[in-house]
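Quick note on labels: first sequence line is chain A, next is B, and so on, each numbered from 1.
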Protein chains: 2
Amino acid sequence: MTAETLIAALRERGWRITAARLAVCRVVAELHAEHLTAPGIAASLAGEVDQSTVYRTLEALEESGILSHTHLGHGPAVYHLADEDRHQHLICEVCGEVTELDAAVVGEALQAITRATGFFPDASHFALSGRCRRCTG
Amino acid sequence: MTAETLIAALRERGWRITAARLAVCRVVAELHAEHLTAPGIAASLAGEVDQSTVYRTLEALEESGILSHTHLGHGPAVYHLADEDRHQHLICEVCGEVTELDAAVVGEALQAITRATGFFPDASHFALSGRCRRCTG
DNA sequence: CTCTCTGCAAAGAATTTGCAAACAC
DNA sequence: GTGTTTGCAAATTCTTTGCAGAGAG
C-alpha cells in the first residue's frame with residue numbers, strides 16, 4: 001500500500017488533495033502494519049499537521065472505503081487498511097500485534113449470526129480483539 | 001439479582017461496606033436489565049455519590065467477579081452482571097442499534113480461530129459491527 | 001472566484017488521580 | 001485506633017466543533 005493509492009482513493013471520492021492529507025496518507029502508508037492511532041499519527045506529524053486535521057483526514061479515508069477503525073476499549077481507536085483481500089484482523093489487546101486470518105475460518109460463524117439475528121456482520125470492516133499466542137497466559 | 005448479593009460479593013472479597021457502595025449496588029441491581037454505564041449510574045446518584053466513587057465501586061465489583069464490562073465502540077463502557085455476560089453485541093454501523101446474540105452461536109468459530117492462529121479472541125468484551133436487518137441493502 | 005480545508009483554541013465526554021477529611025471495622 | 005474509602009477538584013486522554021483565514025480546483 002502506498003500513499004499514492006490512498007490519495008487516489010480520496011481524489012476519486014471528490015476530496016481535495018492538500019499537503020496535510022498527503023502527509024497523513026504518507027504516515028498511514030508507512031505504518032499500516034503497526035498500531036495506527038489518531039493521536040499517534042498526530043504526534044508523528046506534530047508541528048506539521050494539526051490533530052483535528054488528522055481526525056478529519058482519517059474520517060475522509062474511511063468514507064472513501066480504504067480505511068476502517070476498531071475500538072479496543074483501552075486507548076484510542078485503531079485504524080487498519082480495509083484490504084481488498086477477504087481477511088479478518090485480529091488485534092492483540094496486550095501488545096497491539098495485528099494477525100491476519102482468512103475469512104473462510106469465520107465465514108460459517110458470520111452466516112450463523114445472520115441466520116440467528118438477521119444481522120449482517122461486515123467481514124471486511126470488523127476486527128476481533130483478544131490475545132495473541134505470545135500474550136496468552 | 002439483589003443489592004445484597006452484590007454487597008455480599010464485595011464483603012467476601014474484603015472490601016468495606018459503605019453507604020456509597022450500597023447505593024451503587026442498589027442501582028446496579030435495579031437496572032441490570034438495561035445498559036448500565038458509569039456516567040449513567042453517577043447521574044442517577046448525583047448529589048449522593050461522587051462519580052469517582054462510582055468508578056471505584058464498579059472496579060471493585062468487577063474484581064469481585066460479579067460484574068464485567070463491554071466496549072460498544074462509541075460512548076461509555078457498558079456493564080453487565082457476570083452471570084448474564086454470555087452474549088455478544090452486534091452494533092449496526094448505519095443506525096447504531098445494538099443487537100444481542102448468544103455467545104454459543106459464535107463459540108465454535110472462535111475455537112476454530114484459536115486452532116488456526118493461536119489467537120484467543122475475547123468475544124464478549126467487544127462488539128461486532130455490521131448492518132442490522134432493517135439497514136441491510 | 002468559489003467552496004473546501006486548515007489551524008487554532010476551546011469544548012466535550014469518559015475516566016483517572018492526589019489528597020485531606022470521614023468512616024468502617 | 002488504623003487502614004480504607006470518600007468527595008472534591010483537577011488532570012488526562014481521546015475526539016469533536018466553531019470560526020476566520022488559507023488554499024485547491
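When rounded to the nearest whole Å, the span between CD1 of B:I7 and P of D:dT5 equals 12 Å. The distance between atom OH of B:Y79 and atom C1' of C:dT15, rounded to the nearest whole Å, is 9 Å. In this entry the distance linking CD1 of B:I17 with P of D:dG3 reads 20 Å, nearest Å. Taking atom CD of B:E59 as the reference point, atom C1' of C:dT16 lies 10 Å away to the nearest angstrom. In this structure, A:Q51 places its CD atom 13 Å from P of C:dA10, rounding to the nearest Å. When the P atom of C:dA14 is taken as reference, atom NE2 of A:H71 falls 13 Å away, rounded to whole Å. Distance, B:L58 CG to D:dT5 C1': 15 Å, rounded to whole Å. Counting to the nearest Å, the P atom of D:dC8 and the CZ atom of B:R56 are 12 Å from each other.
Comparing atom distances between the A:S52 side chain and each of D:dG7, D:dT16, C:dC5 picks out D:dT16 as nearest. Distances from the side chain of B:A38 to the nucleotides D:dT16, C:dT15, C:dG7 place C:dT15 closest. When each of C:dT6, D:dT6, C:dA10 is scored by its nearest atom to the side-chain atoms of A:T18, the top-ranked nucleotide is C:dT6. Side-chain atoms of A:D50 lie closest to C:dG7 of the nucleotides C:dG7, D:dT15, D:dT5. Of all nucleotides listed (D:dC8, C:dT4, D:dT5), C:dT4 comes nearest to the side chain of A:R16. Among the nucleotides D:dA24, D:dG18, D:dC14, the one closest to any side-chain atom of A:P39 is D:dC14. Listed nucleotides C:dT6, D:dT4, C:dT16 differ in distance to B:Y55; the shortest reach to its side chain belongs to C:dT16.
Residue-to-nucleotide contacts include no donor-acceptor pair under 3.5 Å from the side chain of A:R21 to the base of C:dC5.
In this structure, B:R21 contributes its side chain and B:T57 its backbone to no donor-acceptor pair below 3.5 Å. The closest donor-acceptor contact from the side chain of A:T37 to the backbone of A:A77 lies at 3.5 Å or more, if one exists at all. A:T117 contributes a side-chain N or O that, together with a main-chain N or O of A:I113, makes up a donor-acceptor pair within less than 3.5 Å.
Position along DNA chain C of the nearest nucleotide to B:R11 versus B:A77 favours B:A77 as the more 5'-ward residue.
No more than 12 heavy atoms of other residues, nucleotides or ligands sit less than 6.0 Å from atom CD of A:E12.
Classified by interplanar angle (parallel below 30°, tilted 30° to 60°, perpendicular above 60°), the ring pair A:H69/A:Y79 is tilted.
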